[in-house]
Each structure stands twice: as structure tokens, then as C-alpha cells.
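Encoded as C-alpha cells, the structure appears first; notes follow it.
Not measured: the values here are computed from a predicted model. When a residue number appears, it is its place in the shown sequence, counting from 1.
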Amino acid sequence: MRLTFRPLPGLTVAVALLFAGLVALGVWQLQRLQWKLALIDQVTRNLEATPVTLNGAALPSPQTDYLRVALTGRYDNANEAYVYGIGPEGAPVFHVVVPFHLDDGRVLLVDRGIVPRDMQSPATRPAGIRNGETTQIGIWRWTQAPGTFTPNPDLKHRIWYSRDAPGIGRALHLSLAAPALIEADAAPNPGGWPRGGQTVVAFRNEHLQYAITWFLMAAGLLGVYLAYHVSKGRLALTPKD
């Protein structure tokens, strides 16, 4: 038996290009998978590391996120701001964002945690106000610009609908050391509010699934191509002469 194959030129070129494209997409997804796994590993190590003291030290690089940090200084409680969000129980909450003046003179924003909407006013939670010099442990998070459909902030009531650290800084007439928020750890505050420890670590990682899909599509395309040639008598096993 011998294999005879007389490919259709135009169809073969088109299928070859499409096949190469599908395989390339699969390979790209495998590369993305390795990148995502490395990112998750880095974030996990950052979250488990000993807090880095920022006073008098360089701030984290833009490539560093979820780093545990320690700040020593004072809260500017008169300039609380609030970021609207949804709490763990699914109810609307406010994240209490407070300027923090480090001992070295720099200013950062700390997300002290969440409060129910009816506890937005500091007067409803006086025990949780931290006055005087204090040390705050938290998670360093770089913030992103508000999206196109993000509502404008309610400047009168200092309410934002995104983690817009630069915008909050401008509204409070502060020169922030970095466009970042330090999310307070879960150490309880007197009175129970604000409730820290609200850092959410959730990475969507479906690159392997996507890669398999692209490779299966490439294999399916090849199968259809070959089957078509078989049906046209252009691919067959024939007896040897």
C-alpha cells in the first residue's frame, strides 16, 4: 500500500495559514500561563513575607504589588474619604480611606477597612479613631485610574466609586508619595470598625484551558482538511503496482 496525496493548492495555503495561527495562539496562552503562575507565586511570597518598613525607605516599585508594609506616623482623621464597595456579606459598604503622615514627612493613603453605610460618619465609631503616633501594617496596592463608566466622585461627601488614590489626594490637597493604597491588615480596631483585612487576592487563570482550546481547534481544522481530501479522492491508500 502506498499513500497518495494530491493537495488542493489554494485550500492548502489557506488552511496552513489558519493552522499556524491557531497553534501560535495556543503557544501564546502557554506563555501567558507561565507568566500568571510566576505572578501568583510572587504575590503569595509578598503576602507571606515580613512587613517592609517604609519610613525612610524607598517605596515599592511599580512592578511590586501585594507587599506587606509597616508604616509609622499619624492618621489625618479630619480628612477621611470613602470608597463605595460591596462587603463580604454582599451589602453596600464604605472603605474608610485616611491620609497617613509618615514620620519622614511623606504622605500615603491607608484603606483602614470597611464600615456599613450608616457608619460613614466618624462620630458613629469614635472608638476606632486612632490618634497619636501609631504603626499600621497593611498590604501595598497600586491603584488604577477610574474606568470610563465609573461615576464621578461625590466631592461634597468625599465619596469615590473607584480606588482613585490620585483623585482623592487632589481633592484633599495632598501631595501623595505614591498613587497607592495601603490596605490595613485584619488587626481589630476598638469598637470593631473600620474592619480591616479586606484585601482580595483573586487571579483568573484559565490560560491552560484556552491553550487546549486553540490546539484542539488546530487539530480539528487539520482533520477536516484531510477528510475533505479523502472525500475528493485526493488522499488515499492505494495498492502498490
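A donor and an acceptor atom, one from each side chain of T72 and T135, are located under 3.5 Å apart. Side-chain polar atoms of T12 and Y225 form a donor-acceptor pair below 3.5 angstrom. Side chain to side chain, R195 and N189 fail the donor-acceptor criterion of an N or O pair below 3.5 Å. Donor-acceptor pairing under 3.5 Å is recorded for the side chains of R45 and Q42.
Note: H95 and Y82 fail the aromatic proximity criterion, with ring centroids not under 6.0 Å apart.
Between P194 and G128 the shortest heavy-atom distance is CD-O, 4.3 Å.
Taking the side chain to side chain donor-acceptor pair (under 3.5 Å) definition, one finds that N79 meets it with D76, R158, sequence neighbours left out. By the side chain to side chain donor-acceptor pair (under 3.5 Å) test, E133 pairs with no residue at all, sequence neighbours left out. A search for side chain to side chain donor-acceptor pair (under 3.5 Å) contacts involving D103 returns nothing, not counting sequence neighbours.
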Derivation and outcome, side chain to side chain contact (heavy atoms under 4.5 Å, CB included), residues L221 and V15: CA-CA 8 Å; L221 175 66; V15 169; 4.0 Å; yes
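Looking at D154 and K156, no side-chain N of the basic residue comes within less than 4.0 Å of a carboxylate O on the acidic one, giving no salt bridge. The pair E183-R163 meets the salt-bridge criterion, since a charged nitrogen lies less than 4.0 angstrom from a carboxylate oxygen.
Both the sub-6.0 Å distance and the 45° axial angle are satisfied by R141 relative to the ring of Y66.
For residues 121-130, the side chain to side chain donor-acceptor pair (under 3.5 Å) pairs, not counting sequence neighbours, are E80-R125, R130-T134, R130-Q136.
Other members of the cluster containing I137 do not exist, because no ILVMFWY side chain is joined to it at under 4.5 Å. Residue F149 is found outside any hydrophobic cluster, as its side-chain heavy atoms come under 4.5 Å of no other Ile, Leu, Val, Met, Phe, Trp or Tyr.
With Y75 as the fixed residue, the side-chain contact (heavy atoms from CB on, under 4.5 Å) test singles out one of V110, N131, I129: V110.
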